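Bear in mind that the values here come from a model prediction, so they are computed numbers and not experimental data. All residue numbers in this chain count up from 1 along the given sequence. In listed order, ligands and their atoms are each counted from 1.
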Amino acid sequence: MPEKKSVTDSGTSKVGWKERLGSLQYLPRFFGKIREVSPGLFYANILARIVNSAIPVLLLWVGKLILDEVVLQIGETDKDFTRLWMLVAIELGLAVVSDLISRATNLTDTLIGDLYSNKSSIEIINKTSEIELSQLEDVDFYDKLERARRQTVGRVSLMSNIMAQLQDSITVISLVTALTVFEPWLIALLILAVIPAFLNEIKFSQKSYSLARGWTTERRELDDLRYVGASDITAKEVKLFGLTAYIAARFKKLSDAYYKVTRRLAIRKNLWGGAFNILGVLSYYGAFVLIIIRVVAGVLTVGDLTFLSGSFNRLRSQLQNIFFRFSQITESSLYLKDYFDFLDLETVSDDPGTTVPVPDIIQQGLEFADVWFKYPGREEYVLKGVSFKVPAGRKLAFVGENGAGKTTLIKLALRFYEPVKGKILLDGTDIREFSKEAYQGLFGVIFQDFVKYNFSAGENIAVGNIGEVHNRDKIFSAAEQSLADQVIASLPGKYDQKLGRRFTDGLDLSGGQWQKIALARAYMKDARIAILDEPTSALDARAEYEAFQRFIGLTEEKTAIIISHRFSTVRLADTIVVLKDGRVLEHGTHESLMENKGLYAELFTLQAVGYN
Ligand SMILES: Nc1ncnc2c1ncn2[C@@H]1O[C@H](COP(=O)(O)OP(=O)(O)OP(=O)(O)O)[C@@H](O)[C@H]1O
């Protein structure tokens, strides 16, 4: 129940001091990564900040000298402004240099930030590809992915913050040294004034991280609702079903609940922060009064007054910055921990140490031997003792009602999941004994929910074998085989026509046209085993029949598994396996199954009657 959730509700999302300071250990790794993206920019940035860190105290000191010189010259009858103008020139020079260096710092910050964000996005893409499908379908995993994704844009400021911290620390050291020489007691006063604000800052940033973390799932839901409510892909249904108000209301309910807790936190943080800030201001004016008294008493000069009060004020704001940033840094480091946790996520590797080489030519075929399977975290079995063979060079079709387990069989055959019991064998060898990569490389698969890439038509075909993306002839021939060539011929940009609606120059296709493009992917690769999981459901009956006939003809000596709900297509297969509730109900050729008068014959007749 999101409305009831608060910062303290979720025990697992509470973050203590230990975890907070512990997360600082990720900073060296983080800096290592930043340095890697551009060592030149990285060191230039550090150098610029070090140089700039000494300028504030120099500016204050020259300011003091100017003032003392002015006072001196007022009292002189024989005035000489040489030294005064020289000091003003130095002050001007320092101000200009400081400004230029600040700009250089900003520039390098931006450039390194962009490079780092690109690099970490690529890292996330690569890491996601290493992760097992079973992990990808896990909710906890998605929360981790969401937190990691936020690092790519959000963590760039962490670098500037740490660099700025380094710079400000040097400035503080120089100011403290200066103040200690003149008035050491000012330092004590200052620290007393700043510490409460610092502790307050730490406390609230800790709470805000806990809150954000505890609400990860809800924030993901908000993103999802935002997408559903405002996307070209969903617009058709949302408009037609009149879902806008419903989606907006759901969004509002959830976002209001989140807003309520964040508002409460923000108000409390600012109220306390404001109160502690006043303490800092009071301490400054206290120090100011004390310095004035000493100037009037003749112990300090007017220049000393501006230098000391300036240094004190600067030191106070600088210390506040440092403390404030420290809490930001520890908070960002906590996110960094999430990011590295994601990168370090163990990918379940069930490849045996030594692997059997995959067969060059499949001799016997693929066999499911008493395979039982249930999805992780689920109680009920989806496959219950499934056994069948796909002999080499033959075509096998799965038939079965929705949810019977057809796609699950494919996922197991492809080793996206492991059977709970039983074995899957290729040429008599348990498929777990092959290297997963080499084994999966044997297959050419088109899924029912194939991806429509916002790429060109040619590239959309080439994804079936991306190494051949520049092999135009191969792409043309694949398109011809899947009948996609007719679709492409009608596109203004032909094979270079960008597809999809995401971009202005993109052009969307009909469902069946997309399927023809996707089907061409199957012809891009000389796969040993082809799997077509209903990729032709949107084709008209004639086109589907033609597509399958071509497929079977063109892959004559290839092993293939086909899933289709159209019996005119299914009957073309050598063997048909009828699944029901995770079990093989019948199997055989179209003729033998018809003779059997079982479920297949019943479903076939039902569909045939429908066409009469
Ligand atoms: N990732 C998953 N996690 C948990 N259960 C799943 C998952 N994918 C599928 N299932 C369940 O497994 C069962 C079989 O699903 P599967 O997709 O294999 O059916 P199918 O025969 O291909 O159906 P259809 O003809 O509708 O495509 C269904 O009950 C489904 O709810």
To the nearest 0.5 Å, what is the distance between NZ on Lys436 and CZ on Arg415?
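Reported to 0.5 Å precision, the distance equals 5.5 Å.
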
Nearest protein heavy atom with distance in Å, relative to [atom]:
| atom | value |
| --- | --- |
| atom 1 (N) of ligand 1 | Glu137 OE1, 2.8 Å |
| atom 26 (O) of ligand 1 | Asn402 ND2, 3.0 Å |
| atom 25 (O) of ligand 1 | Lys406 NZ, 2.8 Å |
| atom 9 (C) of ligand 1 | Tyr375 CE1, 3.4 Å |
| atom 17 (O) of ligand 1 | Thr407 CB, 3.6 Å |
| atom 23 (O) of ligand 1 | Gly403 N, 2.9 Å |
| atom 27 (O) of ligand 1 | Gln448 NE2, 3.2 Å |

Atoms of ligand 1, numbered as shown, that sit under 4.0 Å from any heavy atom of [X]:
| X | value |
| --- | --- |
| Thr408 | 14 (C), 15 (O), 16 (P), 18 (O) |
| His565 | 25 (O) |
| Ala404 | 19 (O), 21 (O) |
| Glu534 | 25 (O), 27 (O) |

Side-chain H-bond candidate by donor/acceptor type, Gln481 with Ser477, under 3.5 Å
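A pair is found: one side chain offers a donor N or O, the other an acceptor, under 3.5 Å apart.
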
When you compare the side chains of Lys411 and Tyr375, does any donor N or O come within less than 3.5 Å of an acceptor on the partner?
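A pair is found: one side chain offers a donor N or O, the other an acceptor, under 3.5 Å apart.
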
Using a 4.0 Å heavy-atom cut-off, say whether Val382 meets ligand 1 through its side chain, its backbone, both or neither.
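For Val382, the contact with ligand 1 is made by the side chain alone.
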
Indicate, as side chain, backbone, both or neither, the part of Lys411 found under 4.0 angstrom from ligand 1 when only non-hydrogen atoms are considered.
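The answer is the side chain of Lys411.
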
Test: Asp223 and Arg226 ion pair at under 4.0 Å:
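Here Asp223 pairs with Arg226 in a salt bridge, since their nearest N and O are under 4.0 Å apart.
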
Should the pair Glu123-Lys33 be classified as a salt bridge under the 4.0 Å nitrogen-to-oxygen rule?
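Result for this pair is yes, salt bridge flagged.
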
Enclosure of Lys119 NZ (heavy-atom neighbours >12, cutoff 6.0 Å)
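For Lys119, atom NZ is crowded (more than 12 foreign heavy atoms under 6.0 Å).
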
As a test of the contact definition, would atom 7 (C) of ligand 1 count as having a protein heavy-atom neighbour under 4.0 Å?
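At least one protein heavy atom is under 4.0 Å away.
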
If we count only non-hydrogen protein atoms and require a distance under 4.0 Å, does atom 31 (O) of ligand 1 qualify as touching the protein?
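There is no protein heavy atom less than 4.0 Å from atom 31 (O) of ligand 1.
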
N or O pair under 3.5 Å between Gly400 and ligand 1
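There is no such contact.
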
Could you tell me whether Phe30 and Tyr339 have their ring centroids closer than 6.0 angstrom?
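Here the rings of Tyr339 and Phe30 have centres that are no less than 6.0 Å from each other.
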
is_close_aromatic(Phe373, Phe368), centroid dist under 6.0 Å:
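No.
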
Determine whether Leu499 and Gln497 make a side-chain contact, defined as any pair of heavy atoms from C-beta on separated by less than 4.5 Å.
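Touching, per the 4.5 Å side-chain cut-off.
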
Would you check, one step at a time, whether the test side-chain hydrogen bond (donor to acceptor under 3.5 Å, both in side chains) holds for Tyr417 with Thr408?
CA-CA 9 Å; Tyr417 290 92; Thr408 306; over 6 Å; no

